[in-house]
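The model shown is predicted, which means the values in this text are computed figures rather than measured ones. Order of the sequence lines sets the chain letters (A, B, ...), proteins ahead of strands, with each chain counted from 1.
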2 protein chains.
Amino acid sequence: MQTFDTVEELHEFVELLLHRIDQRYTAGRRAVVELLASSERPLSISDIEARVPEIPRSSAYRHLSDLQRAGVVGRIAASDEFARFEMAEDFLHHHHHLLCSSCGQVIDVTPTRAFERTVARMVDELTAEQGFRATSHALDVIGHCTNCQH
Amino acid sequence: MQTFDTVEELHEFVELLLHRIDQRYTAGRRAVVELLASSERPLSISDIEARVPEIPRSSAYRHLSDLQRAGVVGRIAASDEFARFEMAEDFLHHHHHLLCSSCGQVIDVTPTRAFERTVARMVDELTAEQGFRATSHALDVIGHCTNCQH
DNA sequence: GGTTGTAATGAGACTCATTCTCATTCTATC
DNA sequence: GATAGAATGAGAATGAGTCTCATTACAACC
Ligand SMILES: [Mn+2]
Ligand SMILES: [Mn+2]
Ligand SMILES: [Zn+2]
Ligand SMILES: [Zn+2]
């Protein structure tokens, strides 16, 4: 959580986004948001279950999907079979991912402003000639994390 | 298929890579390679099944995983629930992907040399300070393909 | 060109992350 | 504080991907 001064401001914005799609900001959803907003890294469902065991798996999935629909949460397909979840980019500084192809861990990294300008320009070039309408981009670095070298 | 003059050269290289991991280059594997090498875009399992129905699903999965282990094929996690497969980068020019978040289609795009230099430099920066050992990168543009705009 | 040991294959059972169902519990509004 | 609609929880269902094991192809030898 970086772009809000207080947790209350965060919750207010989440509530706004949920209301836009006629959804309530309930206790379960609040707990998921609080967890994701305070996490250093994207979390898998079992991460979430381990940290908030009182939320049933089926509800956690539904909360995440509702929050994603509202634009509050983003889903990442990692190199293992588990999806990972984090706050959407509106809630975080724009960043990219280091994906460990051994253990599936996802590490957040922040690019420089200059680099992002270059990426944005390039993305425009690439997509224009395809008639593709870009909404976002993802730069993932694939490799091995410190724990998984040798 | 771009880096080989003839299909025979392609097959020879595939055979070499398979032999390195003590695997034979059989008819089924050859059919999968021929399909992927001639495809304009990464293919899902059902794409493969549709185009080469005589290969059973379980064999197709195994072929793809063996070919991936040999470094012949790469697996892409798209934004839908289906993995997609393409020839590994040794067999193609380095390129990136446009991912349609509506239909899951994956489009290949080739970046300029200058852009790739920038990406490589940035990747080095990002990974160095994390103790992460990069093996490759993926720049995906997320958005909507021509078919999926409105 | 047969024999034999080993690798590859195919059919289908199985796994397990994710989604769906539906009975129950909240919650907003009157 | 009734009522209608929304959210929730428990468990069933789904389905992409993996595994098993009986059968088939192959390579290396004779
Ligand atoms: Mn991230
Ligand atoms: Mn590609
Ligand atoms: Zn790792
Ligand atoms: Zn599309």
Side-chain angles (χ1 to χ4, degrees), chain A residues 11 14-35 42-50 52-70 72-85 101 103-106, chain B residues 11 14-35 42-50 52-70 72-86 101 103-104 106:
Chain A
H11 285 311
V14 171
E15 186 157 35
L16 176 70
L17 292 184
L18 281 169
H19 282 170
R20 279 197 194 148
I21 60 165
D22 295 306
Q23 293 289 306
R24 297 175 185 164
Y25 195 21
T26 60
R29 290 168 178 178
R30 205 170 281 260
V32 169
V33 165
E34 219 137 83
L35 175 60
L43 301 178
S44 66
I45 273 285
S46 43
D47 292 335
I48 293 170
E49 194 173 46
V52 195
E54 59 273 19
I55 300 179
R57 203 163 258 258
S58 64
S59 299
Y61 272 114
R62 187 171 30 211
H63 291 149
L64 289 164
S65 129
D66 293 339
L67 288 166
Q68 188 180 21
R69 212 153 39 83
V72 175
V73 160
R75 183 185 300 239
I76 307 164
S79 41
D80 58 14
E81 73 262 45
F82 308 104
R84 300 238 183 358
F85 301 88
S101 52
C103 70
Q105 190 190 168
V106 181
Chain B
H11 285 312
V14 170
E15 185 156 38
L16 175 70
L17 292 183
L18 281 169
H19 282 170
R20 282 196 191 147
I21 60 165
D22 296 307
Q23 293 289 309
R24 297 175 187 162
Y25 195 23
T26 60
R29 291 168 177 176
R30 206 172 281 261
V32 169
V33 165
E34 219 136 83
L35 175 60
L43 301 178
S44 66
I45 273 285
S46 44
D47 292 335
I48 294 171
E49 194 172 47
V52 195
E54 59 273 20
I55 300 180
R57 202 162 259 256
S58 63
S59 299
Y61 272 115
R62 188 171 28 212
H63 291 149
L64 289 165
S65 128
D66 292 338
L67 289 166
Q68 189 180 20
R69 212 154 39 82
V72 175
V73 160
R75 183 185 302 240
I76 307 164
S79 41
D80 59 13
E81 73 263 46
F82 308 105
R84 299 233 179 6
F85 301 89
E86 64 178 0
S101 52
C103 69
V106 181

Candidate pair B/Phe85 and B/Leu67, rule side chain to side chain contact (heavy atoms under 4.5 Å, CB included), full reasoning: CA-CA 10 Å; B/Phe85 301 89; B/Leu67 289 166; over 6 Å; no

Audit row: B/Arg29, B/Val32, side chain to side chain contact (heavy atoms under 4.5 Å, CB included) steps and yes/no: CA-CA 5 Å; B/Arg29 291 168 177 176; B/Val32 169; 5.7 Å; no

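For C/dA8, one of the phosphate oxygens OP1 or OP2 lies less than 4.0 angstrom from a side-chain nitrogen or oxygen of B/Gln23. Between D/dG9 and A/Ser59, a contact under 4.0 Å exists linking OP1 or OP2 to a side-chain N or O. At C/dA8, none of the side-chain N or O atoms of B/His63 fall inside 4.0 Å of OP1 or OP2 (strictly under the cut-off).
Residue A/Thr26 is classed as a sugar-phosphate contact, given heavy-atom separations below 4.0 Å to backbone atoms only.
In this structure, the CD1 atom of B/Ile55 is 15 Å from the P atom of C/dA8, given to the nearest Å.
Taking each heavy atom of A/Ala83 and A/Arg75 in turn, the nearest pair found is CB-CG, 4.1 Å. When all heavy atoms of A/Val52 and A/Ala31 are compared, the closest pair comes out as CG1-CB, 4.4 Å. The two residues A/Gln105 and A/Arg84 have their closest heavy-atom pair at N-NH2, 4.2 Å. In this structure, B/Ala78 and B/Val106 approach most closely via the heavy-atom pair CB-CG2, 4.1 Å. Taking all atoms of both residues into account, the shortest heavy-atom contact from A/Asp47 to A/Pro42 is OD2-O, 4.2 Å.
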Restricting both atoms to N or O, compile the protein contacts to nucleotides 13-21 of chain D shorter than 3.5 Å, with distance only.
{"from": "D/dG17", "atom 1": "OP1", "to": "B/Ala83", "atom 2": "N", "distance (Å)": "3.2"}
{"from": "D/dG17", "atom 1": "OP2", "to": "B/Tyr61", "atom 2": "OH", "distance (Å)": "2.6"}
{"from": "D/dG17", "atom 1": "O5'", "to": "B/Tyr61", "atom 2": "OH", "distance (Å)": "3.3"}

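Counting heavy atoms from C-beta on, the side chains of A/Ile21 and A/Asp66 never come closer than 4.5 Å.
Note that the two end axes of the helix from C/dG1-D/dC30 to C/dC30-D/dG1 enclose an angle of 30°, each drawn from 5 base pairs, rounded to 10 degrees.
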